[in-house]
Amino acid sequence: MTRLAILDDSASVRANTATPLEPTIATRKLYVHTFGCQMNEHDTQRMGEILARKGFTRTEAADEADLVLVNTCSVREHAVQKALSELGRLRQHKHTRGTRIAVTGCVAQQEGDKLLKKYPEIDLVLGPDNIFQLGALVDRVFSGERLAYAELDESPGFQFLGSESAGVRSGRTSAFVTVQKGCDKHCSYCIVPIVRGAEVSRPLEEIVAEVERLVDSGVADITLLGQNIDAYRDPKARRFDALLRAVGGLPRLRRLRFTTSHPNDFSEPMARAMAEVETICEHLHLPAQSGSDAILKRMYRGYTKQRYLEKIAMVRALIPDVRLTSDLIVGFPGETEEDFQQTLALVDEAGFDGAFVFAYSVRPKTPAAPWPDDVPEAVKRERLHRLNDALSATAIRRAKRFVGRVQEVLVEGPSRTNKDVLAARNRHNHVVLFSAGGEPIAPGMFVPVRITAEDSGYSLRAERVSTEALRCA
Ligand code: SAH
Ligand code: SF4
Ligand code: F3S
């Protein structure tokens, strides 16, 4: 899907240029609200860098912003509605301060210039492949134009936007690196291939060079990003296992993660790379989506429950301590109670350490869009609850194996609910909560802790121990 639209609405041009509050370059403030997946988080960081070069500084207060970016997700209708209601809230600042509003991300790609026509408060619509144009477009927006650029670039030579600044300068220890964009899987329920286009993989050398730059500037924890990352195949036909080994072997890199995998494409060579390369963390996110073969078939997933279980058996044979998480959808068209029971059974048989559960949401232009959305909302909600209960029970059971272990965790900052408690991450990607005990421990530090308890299965509690204890562990 390729769409390009430039809307030059002279009425709004006049309205915008009449704004008395045109900010000077030096004082411009940027407020960003990001919805959706890590792809969007990564895009937000890139847009922040482009705008920093134009003199924008970030603010957490929308009412003092000169420019607002709403980076949207369209994977479920609920996500679209949340972004649109955020726009409604931001409208008031436009009247009081002359704030310019940009809508970016997957809803921008999906709707293009229709958004400008429907929402007069929007000044700029920018699709994910048009981010590189943001610097030039923002000047035009501040001189009064209303613009929509949403053009997918599916060419093999697509120029990926890497991180410019990094690490210590921006105070970051962790960073995302995009290795692939788009998705060719076309699962029947999913809008991602429509809004992000066909798969394009980035050349291996370019990825290695970016990770080296990040590591040089202090980053120690890298997450490689791709919607269907195991299908990575660069212009020289190098596969994902080769990329894992090339990046994972870089000196001074401490942790390497990747997301998202697909059960058909995740291969034994990739699991071997995980098992053999020390930096690659013991966590695999492998979305199963359903445990019913009939539903999997209509989802166009291309595997059966049995094949999924065989795949994870292969992974566990090579990496016995791996933490396995998943995505599951309830209420797909035609899902019966028996189908749902198969998904419940899968939770137990697969022994998931955690999973995200979603109620099916009809997405425009997907293969499943014309099929009757025939599972009532109340039944979807009830299945969501039952599945979450089953998942917490399994996650708690699985998390108990960590209690008593000494692990190194990467500190992220104070916990959201208690400022005296630090939130960190172990290699398995659990949130680990512990008390600093009066010591100055900054975000980005690696700290040895002993796990003392599991906390709901998704997070663990811990206490500080000496570095010596870690060496002995
Ligand atoms: N490329 C990734 C991420 C896709 S979106 C992957 O394949 O896993 C993240 C999750 O959203 C999907 O795994 C799926 O569980 C869920 N999802 C996608 N489309 C959906 C829809 N129409 N309704 C409900 N959940 C959906
Ligand atoms: Fe969507 Fe399927 Fe692609 Fe994941 S693999 S992004 S669920 S189409
Ligand atoms: Fe959402 Fe787009 Fe990511 S639809 S899940 S933000 S790729």
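All residue numbers in this chain count up from 1 along the given sequence. For the numbers below, each heavy atom of this structure counts, side chains included, while hydrogens, waters and symmetry mates do not. Note that ligands are numbered from 1 as they come in the structure, with each ligand's atoms numbered from 1 the same way.
- Ser74 counts as a contact of ligand 3, since one of its heavy atoms falls under 4.0 Å from the ligand.
- Each of the following atoms of ligand 3 lies closer than 4.0 Å to a heavy atom of Cys106: 2 (Fe), 4 (S), 6 (S), 7 (S).
- Residue contacts with ligand 1: Tyr189 is placed with a nitrogen or oxygen under 3.5 Å of a nitrogen or oxygen of the ligand (distance criterion only).
- Using a distance-only test at 3.5 Å, with no hydrogens or angles considered, no donor-acceptor pair links the side chain of Tyr308 to the main chain of Gly291.
- The backbone N or O of Cys183 lies less than 3.5 Å from no partner atom in the side chain of Asn228, so there is not a single donor-acceptor pair.
- Looking only at protein heavy atoms, the nearest one to atom 7 (S) of ligand 2 is Tyr189 OH, 3.3 Å.
- For atom 16 (C) of ligand 1, the nearest non-hydrogen atom of the protein is Arg76 NH1, 3.3 Å.
- Thr325 contributes no side-chain N or O that, together with a main-chain N or O of Ala355, makes up a donor-acceptor pair within less than 3.5 Å.
- Scanning the protein for heavy atoms near atom 18 (C) of ligand 1, the closest one is Val75 CG2, 3.5 Å.
- Contacts between Cys37 and ligand 3, counted as non-hydrogen atom pairs separated by less than 4.0 Å, involve both the backbone and the side chain.
- Using a 4.0 Å cut-off to heavy atoms of Asn40, the atoms of ligand 3 that qualify are 6 (S).
- Ligand-side atoms of ligand 3 in range of Cys73: 1 (Fe), 4 (S), 5 (S), 6 (S), range being under 4.0 angstrom from any heavy atom.
- Taking the six-membered ring where the residue is Trp, Tyr31 and His33 present perpendicular rings, their angle passing 60° and hence far from 30°.
- Within ligand 2, the atoms closer than 4.0 Å to a non-hydrogen atom of Arg301 are 2 (Fe), 5 (S), 7 (S), numbered from 1 in the order shown.
- The closest donor-acceptor contact from the side chain of Asp373 to the backbone of Val362 lies at 3.5 Å or more, if one exists at all.
- Side chain of Lys29 to main chain of Glu64: no donor-acceptor pair is present (N/O by atom type, distance under 3.5 Å, no hydrogens or angles).
- Here Phe258 and Phe240 bring their ring centres to under 6.0 angstrom of each other.
- Of the protein's non-hydrogen atoms, the one nearest atom 7 (S) of ligand 3 is Gln227 NE2, 3.0 Å.
- Ile329 counts as a contact of ligand 1, since one of its heavy atoms falls under 4.0 Å from the ligand.
- Within ligand 2, the atoms closer than 4.0 Å to a non-hydrogen atom of Cys187 are 2 (Fe), 5 (S), 7 (S), 8 (S), numbered from 1 in the order shown.
- Two rings, from Phe158 and Phe160, have their centers less than 6.0 Å apart.
- In this structure, Arg196 counts as a contact residue of ligand 3, since one of its heavy atoms falls inside 4.0 Å of the ligand.
- Nearest protein neighbour of atom 23 (N) of ligand 1, counting heavy atoms only, is Ser361 N, 3.0 Å.
- Looking at atom 24 (C) of ligand 1, its nearest protein heavy atom turns out to be Ala359 O, 3.4 Å.
- Under a 3.5 Å cut-off, the side chain of Asn40 and the backbone N or O of Thr34 do not form any donor-acceptor pair.
- Scanning all protein heavy atoms for the shortest distance to atom 14 (C) of ligand 1 gives Gln289 OE1, 3.4 Å.
- When only non-hydrogen protein atoms are considered, atom 6 (C) of ligand 1 lies nearest to Thr260 CG2, 3.6 Å.
- Atoms of ligand 2 lying under 4.0 Å from any heavy atom of Pro193, numbered from 1 in the order shown and given with element: 8 (S).
- In this structure, the side chain of Glu454 does not engage the main chain of Leu460 through any donor-acceptor pair within 3.5 Å.
- Proximity of the aromatic rings of His430 and Phe402 is defined here by a centroid distance below 6.0 angstrom, and this criterion is met.
- When hydrogens are left out, the protein atom nearest atom 10 (C) of ligand 1 is Asp327 OD2, 3.4 Å; that is the closest non-hydrogen contact.
- Checking only distances, Arg363 never comes within under 3.5 Å of ligand 1, N or O to N or O.
- Among Ile229, Asp241, Ile280, Asp265, the one residue that satisfies the side-chain contact (heavy atoms from CB on, under 4.5 Å) test with Met270 is Asp241.
- Residue contacts to atom 1 (Fe) of ligand 2: Cys183 brings no N, O or S atom closer than 2.8 Å.
- Looking from atom 7 (O) of ligand 1 to the surrounding protein, the closest heavy atom is Gln227 O, 4.0 Å.
- The aromatic rings of Phe356 and His285 lie perpendicular to each other, with more than 60° between the two planes, well past the 30° mark.
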